[in-house]
Trainee: 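Please read through the structure below; I'll follow up with questions.
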Amino acid sequence: MALAFCGDEGNSTAYNVDHGVLNNGCFVDALNVVPHVFLLFITFPILFIGWGSQSSKVHIHHSTWLHFPGHNLRWILTFILLFVLVCEIAEGIVSDGVSESRHLHLYMPAGMAFLAAITSVVYYHNIETSNFPKLLIALLFYWTLAFITKTIKFVKFCDNGVGFSQLRFCLTGLLVVLYGMLLAVEINVIRVRRYVFFKTPKEVKPPEDLQDLGVRFLQPFVNLLSKGTYWWMNTFIKTAHKKPIDLKTIGKLPIAMRALTNYIRLNEAFEAQKNKRPSSPQGSGSIWRALCCAFGRPLLLSSTFRILADLLGFAGPLCISGIVHNTKILGVFFISSQEFLSNAYVLAVLLFFALLLQRTFLQASYYVAIETGINLRGAIQTKIYNKIMQLSTSNMSMGEMTAGQICNLVAIDTNQLMWFFFLCPNLWAMPVQIIVGVLLLYYLLGISALIGAAVIIVLAPVQYFVATKLSQAQRSTLEYSNERLKKTNEMLRGIKLLKLYAWEHIFHSSVEETRQKEMTSLKSFALYTSISSKSFSFFIHYSQHACLCLGCFAGAATNYCYFCLSVFSQPLKVVNRKRPAREDWNNYTSHTRRPINITELDDFCVKITNGFFTWTPEGPPALSNIDIRIPQGQLTMIVGQVGCGKSSLLLDDPFSALDIHLSDHLMQEGILKMLREDKRTVVLVTHKLQYLPHADWIIAMKDGYIQREGTLKDIQKSETELFEHWKTLMNRQDQELEKTTIETKTVLERTNLRRTMYSREALLKDDEEDEEEATESDDEDNLSSVLHQRAKMPWRLLKHTVMVAIDYCLARWTSDAISEKMEKEGFTPYIFSVLILCCLGIVLCLVTSIAVEWTGLKVTKKLHASLLNKIILAPMRFFETTPLGSILNRFSADCNTIDQHIPATLECLSRSTLLCVSALAVISYVTPMFLIALVPLAIMCYFIQKYFRVASRDLQQLDDSTQLPLLSHFSETVEGLTTIRAFRYEAKFRQKLLEYTDSNNIASLFLTAANRWLEVRMEYIGACVVLIAAVTSITNCLYSKLSSGLVGLGLTYALMVSNYLNWMVRNLADMEIQLGAVKRIHGLLKTEAENYEGLLSSSQIPQNWPDRGEIQIQNLSVRYDSNLKPVLKHVNAHISPGQKIGICGRTGSGKSSFSLAFFRMVDTFEGRIIIDGIDIAKLPLQTLRSRLSIILQDPILFSGTIRFNLDPEKKCTDSMLWEALEIAQLKHVVKALPGGLDAIVTEGGENFSQGQRQLFCLARAFVRKTSIFIMDEATASIDMATENILQKVVMTAFADRTVVTIAHRVHTILNADLVIVMKRGLILEYDKPEVLLEQEDSVFASFVQADK
């Protein structure tokens, strides 16, 4: 076949110029080639020179990335230009006909223009990144020449009567407009930047972000193509494959995305709402209006992208319908638009471009929505934090808001709000899709489509009902989950007490009971999820077999509608789930801290006159008629009994937990020397009355009012009775006794076992665990049973077989309908076959989904039970060495992952894999030639997912790890709010919050960009699959007589391949990350439990053991771990029944270890303890610990009632409980509370003072009435007067019982029968107190002297 530019048909008409050269179409087409050739010759050398100069550089310095005016418009116009040029090329090829020669002038100029357009945008990008606008003059000439030549061609078309009925005329007109607009953009660059034709060019600096090398998130700054394809992420993804991603790798956030910037924007929106409605209360409506005002614009952009993507989504079914019915080639010189779109190959190319554009818009919509949600999350977290800084402490102490609620608000609710913004476009996008889909079905199918529409209308209320039930089930799941975590948190915080009191089974049962409710709710949630996602399957298949001759389009369009309907239920769930979070926020915005009205007069730093203070606006005053003065630059001490109002006025006693030597050292060196000599104003709340002579000013409190204030001499003169009472308590004479010299070196304070809910140590611990567990090969054993059971599910494979069979029947039916081989009666077998298969498919879908979900829940229930059992039976050493936050995260985040995410991810992974395989198999069956092109596409998919999974795993872990410090910071702030305010560190803590928030947000943004990077590439590969499948199918249909029904079937499956590929890779990456939760839990399951079994059976242990309370300690040596040194060494002692023993010593001497040895809380590796003739090592742990009583130094109360805190085993009568409260000096306090014994105790007992909590712990121990009673510094937080009363009560009420008292205040054990003085794990002195006091070199005597 001859090849010529103007054609060669043996005549000279193509080269006839008798009417002028411009009237010759071929000459005009040749003239249109000139601008493109000019641009290629001009720009190629510049591009090569530029690339050569940059060849030694890895990256162009991004501080030079400066967008010229009209940047985005230029890229958009260029994309449109390229598409129009492709259409022009296709129009030229199609209109060339099937003559003996080819007319190159019909499509060669368009091809050159296409190449020139690509060159222009590459050239522009290089000039822009180099910030050298003078070289844009070449583009100015190019757009001018192109506009002129194309205008000439358009004018000549008009002169020769070519009009809108011809496609070439329309395309030429579009090109004239596009070239003209690009020329205008170029002129605008000259006008703004003044780089030519002006004497002084305008210098423009790049944005501040781009001048900072630490900013590596470049999505806002790159060109439009890179934004749409996330091309700038290529280098980042490849780098992640070589070395792990850390905070240094991802760098800083751009200024516009930082938490402070978005907080200011949100705050301005809030203030604007307040100014608009100054009188109306600020409720949820104003909050939503402020959020929309601050972040509504990007959400509108996301919605626009989404609507465009949804509309383009219908191009697929329309093109497939056209391909099925127009598998022929036309050959005419001038063709109309209708004739152009009747070509199957043209439709295939248009389908390819529609898919590219639709997927790009869809991913852009997702990205903008998630980015907006992340910015919103950072702004709200900052606003919540600033609100915390203004909270009244009554909100926390009265139980109105707990640290756990605040952490949930920050960790869960803000994330849910972020995802609501992501799903929000679905609220209006999905109905639009459904309506347009039904209208198009009606246009193509007629009345048959109304059947499907009727099904939608009928099932819509059902779907809404199911969605409502789904949200209710999820809400109840969240409530039970929060309750379970609250109980687990309290259990872990008080684990030492639980073990000492043998209450593990009580709290274990409580947590398991809540877990059972949670599992029931999760089963309901799984059931409604399955129904919600499968209820419209009937509509899909019924609509498919309802059509007669256009089944392929119906298949594609109804599948698309089904996707819309399934996703449409998601925003409903999120909207319903938002309500509790919004209500929490509304509650949260109340009760801010009101400033105290104080005045600074004369020499007084603080003066309060006639002050009344209450914890809540409605509650009774905690402090009444307060008149106090705090002298400037002096030491003021506040004293009073427990519950008198000291905590309500200032802080608690800071010396309560310290021994006398350490507290004296801090008093002398810290307060009296450093602070007092520096003329600081010091206010000290203390129970240690021996420090009163050092006070410049004393405030004595009683029952919520000021009993007396003044100097010690003033009180001595005016309040003689009070002064004498103090003297008695201090065991002093009238003058101050001389103190002994305190040793200069002190032992460090013992490790504090209380840790915050989200400790930062958890992060380090998690990293260490991950590194250790990475080498383990059997970590997935707990989940292997799930995978194995699911793999054996025969109905899964059967379900997909049925689905493919339905589609195959429809394809055969469609082929017969198109070829008109059958009358309507001939369709009956197809109708019944498809109907039966549809019903079977619906049942299998529902059964499979429910079975998979419930199987996963069954496994996770067992896993949680095993974890809880292991943890609660673990030795105390495990809790001392493992951060509480790390353990709690296993029960919270990891259990939530296994409960709700792993089953769904496994289901989606297996489904998407089978769907992808079945789709590729169907396409290969229809067109075997597709297998040749499948190989390179599969290789590309492999490498994309390989690189993505590595980066995704690192970024997901970084996202999680950066969230922990953020939550920890919130928790620390809530718990230390008073201290932060006292030291005026609000600004420092706010700055730290911004740093933590930005670190978490930058990780989330990179993770989002990485997900979009993957999905765009998979979507583009899917588009290539569709193009290849379409071209091969059309070719087979033309030359191998392939039925049109099978062509439609293959293309319908090809349309969904990209979705299946995306889901498969994403779910594979998600599963890899989520399995980390199983690994971490499996690591804890290896924890070795305490040996609860004993050598003696219950029948060998007397029922009332120990009944006498005799204790024999023989050569006892204990340690906390086999790898640690002994804390007690060869201790020997004998305690007779009923004796009162006092144990004292410096911090770290082994006193508490001595008491723990009685309960086998430490490792006894030598010697033994015999109680009433029985070696405690032979007793079951539960029996041993339930027969002894101990009071710890740290007061621990649980949320619930006072009755539960005193008697969780429910063994005592009310009279016994009141008796214990009376002994503990709390009866009058409890009687005054609403409910009495059933009065509420908030989390941690925050609604009681420190001293009152300690007294409740004393009452708890009194309730047990065991013959052996151990007090481990139990009165450290109690004032001396109350302590003296308790000591007397203990001596009388427990006269016949053995009492072991470990004391910091040695005067409390002066009346003991025996005193044991310990030092470094050894018994230093062991005798009666009076005997030891008589010895001049006695250590005990020196302790007593120092305590005076």
Side-chain angles (χ1 to χ4, degrees), residues 59-68 71-72 75 125 128-129 131 204-237 239-240 245-269 294-299 301-302 363-364 366-383 418 421-422 951 955 958-959 962-963 966 990-1013:
H59 303 293
I60 298 175
H61 195 285
H62 66 250
S63 65
T64 61
W65 288 1
L66 184 65
H67 293 173
F68 294 153
H71 169 89
N72 288 338
W75 279 92
H125 171 69
E128 192 177 51
T129 54
N131 196 15
V204 181
K205 291 184 178 180
E208 185 180 345
D209 290 310
L210 293 181
Q211 299 179 42
D212 186 353
L213 290 176
V215 176
R216 296 188 174 91
F217 188 78
L218 305 178
Q219 179 72 6
F221 313 109
V222 294
N223 61 56
L224 204 61
L225 178 62
S226 187
K227 280 183 181 179
T229 61
Y230 307 91
W231 193 263
W232 64 272
M233 284 285 292
N234 288 350
T235 304
F236 180 83
I237 297 288
T239 304
I245 301 172
D246 54 17
L247 281 175
K248 185 178 179 181
T249 306
I250 60 179
K252 303 176 186 177
L253 267 179
I255 294 174
M257 296 179 177
R258 291 176 187 172
L260 180 60
T261 306
N262 290 292
Y263 166 72
I264 293 173
R265 183 190 308 168
L266 180 62
N267 211 40
E268 289 174 351
F295 300 97
R297 185 174 297 179
L299 194 63
L301 178 64
S302 173
Q363 297 306 321
Y366 288 161
Y367 172 78
V368 173
I370 296 178
E371 181 195 279
T372 306
I374 291 172
N375 291 337
L376 169 70
R377 181 182 67 180
I380 291 181
Q381 287 173 344
T382 307
K383 190 162 185 66
M418 178 188 75
F421 266 68
F422 169 66
L955 287 171
L958 197 61
D959 185 41
T962 52
Q963 192 179 34
L966 177 64
R990 284 192 178 101
Q991 182 59 35
K992 207 67 179 174
L993 171 88
L994 294 176
E995 294 174 6
Y996 289 139
T997 305
D998 287 343
S999 296
N1000 184 231
N1001 285 353
I1002 187 65
S1004 300
L1005 281 170
F1006 264 103
L1007 181 60
T1008 300
N1011 289 335
R1012 305 282 79 78
W1013 180 90

Trainee: Do you know the tightest heavy-atom contact between Ile1002 and Gly251?
Mentor: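 Looking at all heavy atoms of both residues, the shortest contact is CG1-O, 4.0 Å.
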Trainee: If you compare all heavy atoms of Ala294 against all heavy atoms of Leu266, which two are closest, and at what distance to 0.1 Å?
Mentor: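 Smallest interatomic distance, heavy atoms only, reads CB-CA, 4.0 Å.
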Trainee: Treating Arg990 as the side-chain partner and Thr382 as the backbone partner, does any N or O pair qualify as donor plus acceptor under 3.5 Å?
Mentor: no
Trainee: Less than 3.5 Å apart, any donor N or O on the side chain of Thr1008 or Asn1011 sitting next to an acceptor on the other?
Mentor: no
Trainee: Hey, is the main chain of Thr962 close enough, under 3.5 Å, to the side chain of Ser999 for a donor-acceptor pair?
Mentor: no
Trainee: How far apart are the C-alpha atoms of Phe236 and Ile245, what are their side-chain angles, what is the distance that settles it, and do they pass the side-chain contact (heavy atoms from CB on, under 4.5 Å) test?
Mentor: CA-CA 9 Å; Phe236 180 83; Ile245 301 172; 3.7 Å; yes
Trainee: If the condition is salt bridge (charged side-chain N to carboxylate O under 4.0 Å, His left out), which residues does Glu995 pass it with, not counting sequence neighbours?
Mentor: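 With neighbours one apart ignored, the set is Lys992.
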Trainee: Can you check side-chain contact (heavy atoms from CB on, under 4.5 Å) on Arg377 and Asn1001, steps first, answer last?
Mentor: CA-CA 9 Å; Arg377 181 182 67 180; Asn1001 285 353; 3.0 Å; yes
Trainee: Do you know which two heavy atoms are closest between Ala1009 and Phe217, and how far apart they sit?
Mentor: CB-CE1, 4.2 Å
Trainee: Rounded to the nearest 0.5 Å, how far apart are NZ of Lys227 and CG of Leu224?
Mentor: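 The CG atom of Leu224 is 6.5 Å from NZ of Lys227, to the nearest 0.5 Å.
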Trainee: Checking Val215 against Leu253 for the side-chain contact (heavy atoms from CB on, under 4.5 Å) test, could you report, in this order, the C-alpha distance in whole Å, the side-chain angles of both residues, the deciding distance, and whether it holds?
Mentor: CA-CA 6 Å; Val215 176; Leu253 267 179; over 6 Å; no
Trainee: To check you understand the geometry: which heavy-atom pair defines the closest contact between Gly378 and Thr997, and what is its length?
Mentor: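 That would be CA-CG2, 3.7 Å.
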Trainee: Does any part of the side chain of Arg1012, heavy atoms only, come nearer than 4.5 Å to the side chain of Ile370, both counted from C-beta?
Mentor: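 Touching, per the 4.5 Å side-chain cut-off.
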Trainee: Between CD of Gln219 and OH of Tyr367, what distance do you get to the nearest 0.5 Å?
Mentor: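 With rounding to 0.5 Å, CD (Gln219) is 4.5 Å from OH (Tyr367).
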Trainee: Can you tell me how far apart OG1 (Thr129) and NE2 (His67) are? Round to the nearest 0.5 Å.
Mentor: 10.0 Å
Trainee: List for me each residue that meets salt bridge (charged side-chain N to carboxylate O under 4.0 Å, His left out) alongside Lys252, sequence neighbours excluded, and say none if there are none.
Mentor: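 Asp212.
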Trainee: So, taking the atom named CG in Leu247 and the one named CG in Asn1000, what distance separates them when rounded to the nearest 0.5 Å?
Mentor: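 Between Leu247 CG and Asn1000 CG, I get 10.0 Å after rounding to 0.5 Å.
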Trainee: Taking the side chain as everything from C-beta on, heavy atoms only, tell me whether Met418 gets closer than 4.5 Å to Ile374.
Mentor: yes
Trainee: Is Asn375 reaching over with its side chain to a backbone N or O of Ala259, donor-acceptor style, under 3.5 angstrom?
Mentor: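 Not a single qualifying donor-acceptor pair exists.
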Trainee: Heavy atoms only: give me the nearest Ile237-Ala951 pair and the separation to one decimal.
Mentor: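 For Ile237 and Ala951, the tightest heavy-atom pair comes out as CD1-CB, 3.8 Å.
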Trainee: Does Val368 offer a backbone N or O that forms a donor-acceptor pair with the side chain of Ser302 under 3.5 Å?
Mentor: no
Trainee: How are the rings of Trp75 and His71 set relative to one another: parallel (under 30°), tilted (30 to 60°) or perpendicular (over 60°)?
Mentor: tilted
Trainee: Under the side-chain contact (heavy atoms from CB on, under 4.5 Å) rule, what do Leu958 and Leu1007 come out as? Steps first, then yes or no, please.
Mentor: CA-CA 9 Å; Leu958 197 61; Leu1007 181 60; over 6 Å; no
Trainee: Measuring from Asn262:CG to Leu376:CG, what's the distance to the nearest 0.5 Å?
Mentor: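 Asn262 CG to Leu376 CG: 8.5 Å, rounded to 0.5 Å.
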Trainee: With a 4.5 Å cut-off on side-chain heavy atoms, are Ser226 and His125 touching?
Mentor: no
Trainee: Return the minimal non-hydrogen interatomic distance between Leu993 and Gln381, and the atom names on each side.
Mentor: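 It is CD2-O, 4.3 Å.
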